[in-house]
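Everything below concerns the one structure shown next.
The structure presented is a predicted model; accordingly, all values stated were derived computationally and were not measured. Below, chain A is the first sequence line, B the second, and so on; all start at residue 1.
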There are 2 protein chains.
Amino acid sequence: MQADELSSLLESELSGLAWSTQPNDLVQFGQDWTRFHQSNASVVFFPNDVEEVQKIIQVANQCDCVVIPSGGRTGYSAGAVATKGEWIISMVRFNQITEFNPIDQTVRVGAGVITEQLQHFATEQGLFYPVDFASSGSSHIAGNIATNAGGIRVLRYGLTRDYVLGLTVVTGAGEILKLNNGLVKNASGLDFRHLFIGSEGILGVVVEAEIKLIKTPPNQAVMLLALSSLEAVMSVFALARKSLLLSSFEFFSDRSLHRVMQHRGFENPFEALHPFYVLLEFDDDEEAAMQVFESGMEAGWVTDGIIAQSIDQAQQLWQYREGISESIAHFTPYKNDISVKISRVPEFMQQLEDVLAAEYPDFETIWFGHIGDGNLHLNILKPENMETTEFKQQCEKVNEHVYGLIATFEGSISAEHGVGLIKKPFLPYSKSAEEIKLMQAVKQVFDPKGVLNRGKVVDCE
Amino acid sequence: MQADELSSLLESELSGLAWSTQPNDLVQFGQDWTRFHQSNASVVFFPNDVEEVQKIIQVANQCDCVVIPSGGRTGYSAGAVATKGEWIISMVRFNQITEFNPIDQTVRVGAGVITEQLQHFATEQGLFYPVDFASSGSSHIAGNIATNAGGIRVLRYGLTRDYVLGLTVVTGAGEILKLNNGLVKNASGLDFRHLFIGSEGILGVVVEAEIKLIKTPPNQAVMLLALSSLEAVMSVFALARKSLLLSSFEFFSDRSLHRVMQHRGFENPFEALHPFYVLLEFDDDEEAAMQVFESGMEAGWVTDGIIAQSIDQAQQLWQYREGISESIAHFTPYKNDISVKISRVPEFMQQLEDVLAAEYPDFETIWFGHIGDGNLHLNILKPENMETTEFKQQCEKVNEHVYGLIATFEGSISAEHGVGLIKKPFLPYSKSAEEIKLMQAVKQVFDPKGVLNRGKVVDCE
């Protein structure tokens with residue numbers, strides 16, 4: 001669409017809406033946390049209500065324009081990135097928690113409510129919203145829903161999916177659907193709520209959600225353990241799971257720790273260097289924790305350890321893990337967010353290490369992950385003197401090996417980041433040709449003209 | 001299809017398969033626990049593996065025959081009932097638990113594994129499968145998946161959906177899909193696993209599932225309380241939820257208790273009669289339980305109570321609740337399985353009582369339910385001298401009032417029984433016209449010729 005055609009639309013069918021075509025806005029709202037595409041949006045809309053969202057989609061259908069739903073733009077798979085002059089629908093104005101019901105223990109939230117905002121609100125009500133991850137200070141609830149975000153406590157509390165009791169969406173055809181109305185039990189036909197969760201904006205725009213809160217767990221303790229080897233990671237997990245009520249079991253490598261220390265100016269938490277680390281969060285039980293530590297030492301798996309003695313120290317220990325992504329951001333990391341069954345993690349990691357040594361000899365690889373649920377984050381850092389395009393191409397070559405391995409293990413090429421643009425070419429490593437065709441067909445049901453996030457996840461039919 | 005055409009098919013394309021056209025089998029496998037339809041099936045197949053299921057569906061597609069997936073036939077909505085000479089695929093031979101992984105804490109089960117069989121298997125491994133209901137001795141896992149079965153512990157442990165980590169299905173087009181492979185985290189495109197859960201056999205036949213088990217909970221205590229009024233029910237729920245870790249909070253009326261006592265020859269558990277009862281199961285804490293009881297007495301909500309002093313007594317108390325369905329089965333009950341938000345239960349029940357008094361003056365109504373998750377079972381008993389057809393028609397007239405009320409409360413016309421044939425006319429009370437159209441379109445994607453469970457849940461497009 002030419003600029004003058006757009007201008008005329010904005011003054012006719014779309015008049016009265018808030019929008020921007022300021023270059024700064026177009027760049028900012030046209031990108032996420034990846035840096036592999038040139039942001040190229042035509043206009044950013046800032047709708048105020050569901051009808052305005054519907055209006056934009058209806059007009060997009062009329063003029064065959066493509067619309068991208070946009071949340072906190074913290075994605076790692078370019079799922080909300082504009083590369084072809086698309087229209088952006090930013091949901092920033094849907095930033096209100098509009099209802100709290102203490103009996104149902106539910107909140108009604110606008111699409112643009114920040115994850116942390118919901119967490120704080122829950123705490124103020126004496127309740128708990130357990131879904132949490134490094135980007136919780138910026139990510140929007142609707143973005144979490146669109147990718148079924150997981151994070152650091154999935155082990156105990158599950159994924160975003162498990163907390164969504166109701167959704168209001170506008171489909172690609174411009175229809176408003178109210179899905180499930182906040183009910184706990186509802187077996188009245190196909191449950192489209194669960195189809196929209198994790199659909200990355202290719203079926204509809206999430207406008208509002210009803211979210212379940214839960215009881216506040218008991219005091220949490222945090223322990224950081226240094227490990228002798230990769231095999232020790234899962235041995236310690238099995239050991240810890242037996243005697244502690246774990247909320248998190250996070251893994252990171254020596255290089256990950258090194259990057260955080262360098263970036264934040266932290267001291268080494270231990271006296272010596274160790275090849276691997278795990279961070280455990282659990283219902284406070286110092287005696288049981290000491291036993292895990294001691295048994296781990298005796299078995300030769302654990303080489304050192306710290307149990308946080310205060311909330312401050314616990315937060316400090318968490319920073320060694322949560323600071324990793326930020327500490328490597330300026331290296332334009334190529335991110336693999338992969339998963340296998342928990343039981344297959346040790347064998348998978350061993351084989352993955354061999355692949356990395358053989359295929360990435362010149363790249364620095366940083367790995368860490370939510371290993372208690374089978375999810376590894378493998379980051380490849382761009383050498384300073386290499387062009388981004390060249391780097392991406394090289395990484396994608398290696399993907400064939402990494403993803404080939406994942407296919408052998410029946411794992412996922414995207415555990416929690418989604419598919420977006422970046423993982424789309426690799427979807428066949430996790431999904432059969434039949435399943436991908438069915439995804440295209442289902443997309444067409446909800447978005448017959450393919451106006452929503454066209455080109456992301458799967459091609460239109 | 002004529003009988004001779006079928007005979008010739010069974011000897012050509014379908015030769016080698018196990019099947020029966022014995023009148024007894026046709027009746028038995030063509031019905032569920034409802035009694036409002038004449039069972040009318042043409043043939044019952046007993047496939048042994050996924051390829052045989054696929055073969056049957058492929059042939060059904062060629063000759064435009066309709067296939068009904070059949071489990072334990074414990075349904076209450078005629079979702080697996082044959083009324084038009086359909087073919088039945090009985091999954092009884094898929095009755096094996098084929099794999100247990102202690103690290104993943106998962107089991108791989110055939111479609112025809114009985115719920116109780118899985119519960120016992122979990123116990124033998126020192127783990128727990130929490131989904132439970134009155135029909136667990138007969139219902140198949142795949143049937144539970146097809147209706148997203150809930151039952152008596154949803155309050156704490158959620159629904160069948162929450163335990164399905166992987167599914168193998170054969171679609172209506174005859175394609176085999178392996179969905180999610182048992183992964184905890186998997187954000188690689190649309191998650192069709194969750195679309196199949198609760199789809200009542202209109203998209204595909206569930207052949208195998210990977211099911212998550214959980215840690216065994218601490219010892220459970222059981223308390224039966226007699227209540228003074230309907231309003232007291234939710235007051236006691238709020239009170240109990242504060243101080244007890246509830247697994248169940250079940251409600252039943254005096255008439256329900258009366259029916260169980262009569263049917264099983266039980267004594268009245270209390271000295272006097274009371275209008276309403278609630279049964280609580282919770283992590284054993286006698287002191288807290290006594291406090292709930294005493295506070296409830298002081299407030300005038302609770303009029304009497306029993307705390308089970310042994311496992312035997314706990315099981316006995318449970319029978320007052322779990323025996324209700326069986327005790328009224330010979331009255332051909334018309335079942336309403338409805339839900340609203342927990343917070344709206346008191347107001348809803350009050351208004352429902354008024355509707356019942358006005359519209360069902362001549363019928364005995366029995367109500368009970370999993371009230372801690374907003375789910376009520378409302379059973380209308382057929383007067384002995386009334387014809388079944390006449391009775392069904394009269395009930396359906398009253399449905400307009402009951403379901404109209406549910407629509408006002410944004411509730412569900414089917415909380416856990418599914419839609420099947422019986423609730424299909426009433427789906428518009430819970431789902432918008434747009435959503436029903438989308439269901440039809442999605443059915444067509446997975447089952448283009450409508451060979452699977454045609455006429456159930458929604459009409460084909």
Counting only non-hydrogen atoms closer than 4.5 Å, does A:Val457 touch chain B with its backbone (N, CA, C, O), its side chain (CB onward), both, or neither?
side chain
So what's closer than 4.5 Å to chain A heavy atoms on B:Lys437: side chain, backbone, both or neither?
neither
Heavy-atom pairs under 4.5 Å with chain B - which of A:Gly198, A:Ala173, A:Ala441, A:Gly189 has more of them than the others?
A:Gly189
Can you tell me which residue among B:Ile197, B:Leu438, B:Leu203 is in a side-chain contact (heavy atoms from CB on, under 4.5 Å) with A:Leu190?
B:Leu203
Option in A:Asn148, A:Val154, A:Thr147 with maximal non-hydrogen atom pairs under 4.5 Å from chain B:
A:Val154
State, with a plain yes or no, whether a side-chain heavy atom of A:Gln105 is found less than 4.5 Å away from one of B:Arg241.
yes
With a 4.5 angstrom heavy-atom cut-off, could you sort out which part of A:Leu165 is near chain B: side chain, backbone, both or neither?
neither
Could you look at A:Ser199 and say if it's the side chain, the backbone, both or neither that has a heavy atom under 4.5 Å from chain B?
both
Correct closest heavy-atom pair for B:Ala187 and A:His417 would be CB-N, 4.4 Å
Need one label for A:Lys178: side chain, backbone, both or neither, based on atoms under 4.5 Å from any heavy atom in chain B.
backbone
Step through the shown structure and confirm whether more than 12 heavy atoms of other residues, nucleotides or ligands are within 6.0 Å of NZ on B:Lys242.
no
With only heavy atoms counted, which part of B:Glu410 is less than 4.5 Å from chain A, the side chain, the backbone, both or neither?
both
Would you mind telling me which of B:Ala149, B:Ser414, B:Ser77 has the largest number of heavy-atom pairs within less than 4.5 Å of chain A?
B:Ser414
Set out, in order, the CA-CA distance, both residues' side-chain angles and the distance that settles side chain to side chain contact (heavy atoms under 4.5 Å, CB included) for A:Ile342 and B:Val184, then state yes or no.
CA-CA 8 Å; A:Ile342 304 161; B:Val184 176; 4.2 Å; yes
Side chain, backbone, both or neither: which part of A:Asn101 has a heavy atom under 4.5 Å from chain B?
side chain
A:Val419 versus chain B, heavy atoms under 4.5 Å apart: side chain, backbone, both or neither?
both
B:Val345 side chain reached by A:Ile103 side chain, heavy atoms, under 4.5 Å
no
Does B:Ser430 use its side chain to pair, donor to acceptor, with the backbone of A:Ser188 at less than 3.5 Å?
no
Please report the closest heavy-atom contact between A:Lys215 and B:Leu244, naming both atoms and the distance.
NZ-O, 4.1 Å
Least distance between heavy atoms, B:Leu183 atom then A:Lys341 atom
CD2-N, 3.5 Å
In terms of heavy-atom proximity below 4.5 Å to chain A, should B:Ile338 be classed as side chain, backbone, both, or neither?
neither
Segment of A:Leu195 engaging chain B (4.5 angstrom heavy-atom cut-off):
both
Side chain, backbone, both or neither: which part of A:Glu435 has an atom under 4.5 Å from a heavy atom of chain B?
both
Checking A:Asp162 against chain B: side chain, backbone, both or neither under 4.5 Å from a heavy atom?
side chain
Using modelled atom types only, decide if a donor and an acceptor are shared between the side chain of A:Asn186 and the backbone of B:Ser412 within a distance under 3.5 Å.
no
Need one label for A:Ala238: side chain, backbone, both or neither, based on atoms under 4.5 Å from any heavy atom in chain B.
neither
Shorter than 4.5 Å, heavy atoms on both sides: which option in A:Lys423, A:Lys431, A:Lys443, A:Gln444 has the most such pairs with chain B?
A:Lys431
Contact part of B:Gln440 toward chain A, heavy-atom cut-off under 4.5 Å: side chain, backbone, both or neither?
neither
Rounded to the nearest 0.5 Å, what separation is found between the CG atom of A:Asp191 and the CE atom of B:Met439?
8.5 Å
For A:Glu416, is it the side chain, the backbone, both or neither that has a heavy atom under 4.5 Å from a heavy atom of chain B?
both
